[in-house]
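The next block holds one structure in the form of structure tokens; read it before the comments.
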Amino acid sequence: MERTNKRAIAVVGAAGQQGGAVVRALQAGNQFKVRALTCNPAKHRELADEVVQADLNRPETLRAAFEGAHGVFLVTNFGGEGSDEVEQASAAIRAAKDTGVKHFVWSTLPDVEGISGGKFHVPHFVKFPVPQNAQSAAR
């Protein structure tokens, strides 16, 4: 099968540690066309089969980046200034649903506060509303 006939997987955060590892693993498997999503595609031209601009803090960029993709791998940015992971993930879920993405993988964490009965408070683990929203969006 030619690489151009393969289904596309869009990888959000492809220039980062986790997204980059996903890009490399998908490329090594040679089963999918890899679309790397990054805020600065000019800086990362050779990262994947396709390199496109997308910014989780600019949801209007996600629809075009996901268009035609069979799957999406999402990693959100808890450390960026002005970043809100719940808003980022919710926007990505909406864009994926709107563009007909069939598979959506979000690298996330469980509700640590809920599991521990409030014993542990880890602010960057507070993502639990989105998986619930993701489940309802899939229906």
Side-chain angles (χ1 to χ4, degrees):
M1 182 188 290
E2 282 186 52
R3 202 162 183 84
T4 56
N5 293 334
K6 295 178 181 179
R7 295 182 289 187
I9 304 295
V11 179
V12 179
Q17 293 276 8
Q18 196 171 146
V22 170
V23 166
R24 291 186 298 279
L26 288 169
Q27 288 172 324
N30 201 29
Q31 294 180 340
F32 298 97
K33 179 169 65 171
V34 182
R35 181 181 301 160
L37 278 52
T38 177
C39 294
N40 190 350
K43 186 176 175 183
H44 304 285
R45 288 188 182 153
E46 303 300 320
L47 199 56
D49 299 307
E50 300 174 7
V51 181
V52 298
Q53 195 279 332
D55 184 340
L56 290 172
N57 292 321
R58 294 180 47 228
E60 68 276 8
T61 66
L62 299 176
R63 190 178 181 114
F66 291 172
E67 193 67 47
H70 178 72
V72 169
F73 173 83
L74 171 69
V75 60
T76 52
N77 180 6
F78 74 89
E81 186 175 327
S83 293
D84 180 322
E85 285 186 280
V86 172
E87 286 181 20
Q88 289 177 346
S90 296
I93 291 165
R94 282 191 301 277
K97 185 174 181 181
D98 290 349
T99 57
V101 168
K102 301 294 182 206
H103 297 277
F104 189 91
V105 175
W106 179 29
S107 178
T108 187
L109 301 162
D111 174 12
V112 173
E113 279 190 50
I115 292 169
S116 70
K119 184 177 177 182
F120 299 109
H121 175 69
V122 185
H124 65 280
F125 281 24
V126 182
K127 304 180 189 185
F128 58 91
V130 180
Q132 293 167 358
N133 293 341
Q135 290 171 357
S136 65
R139 294 185 188 123

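The structure displayed is predicted, hence computed values, not measured ones.
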Say whether [X] and [Y] are linked into one hydrophobic cluster, either directly or through other cluster members, by side-chain heavy-atom distances under 4.5 angstrom.
X	Y	result
Phe73	Leu47	no
Leu37	Val51	no
Ile115	Phe120	no

Looking only at heavy atoms, which two atoms of [X] and [Y] are closest? And how far apart?
X	Y	answer
Ala54	Thr61	CA-OG1, 3.5 Å
Cys39	Asp55	SG-CG, 3.8 Å
Ala95	Leu62	CB-CB, 3.7 Å
Trp106	Leu74	CD1-O, 3.2 Å
Val11	Gly19	CG1-O, 3.5 Å
Ala65	Ala10	O-CB, 4.2 Å

Q. How about Phe66 and Val52: do any of their side-chain heavy atoms sit closer than 4.5 Å?
A. no

Q | Passing option when Lys33 is tested against Arg7, Gln27, His70, Glu50 for side chain to side chain contact (heavy atoms under 4.5 Å, CB included) | A | Glu50

Point-to-point distance, once rounded to the nearest 0.5 Å, from [atom1] of [X] to [atom2] of [Y]:
X	Y	atom1	atom2	result
Glu67	Arg35	CD	CZ	8.5 Å
Leu56	Glu87	CG	CD	11.5 Å
Gln88	Thr76	CD	OG1	6.0 Å

(Q) Is it true that, when you exclude Glu60 itself, more than 12 heavy atoms of the residues, nucleotides or ligands shown sit nearer than 6.0 Å to its CD? (A) yes

Q) Counting distance only, does the side-chain N/O of Asp49 pair as donor-acceptor with the main-chain N or O of Val34 below 3.5 Å? A) yes

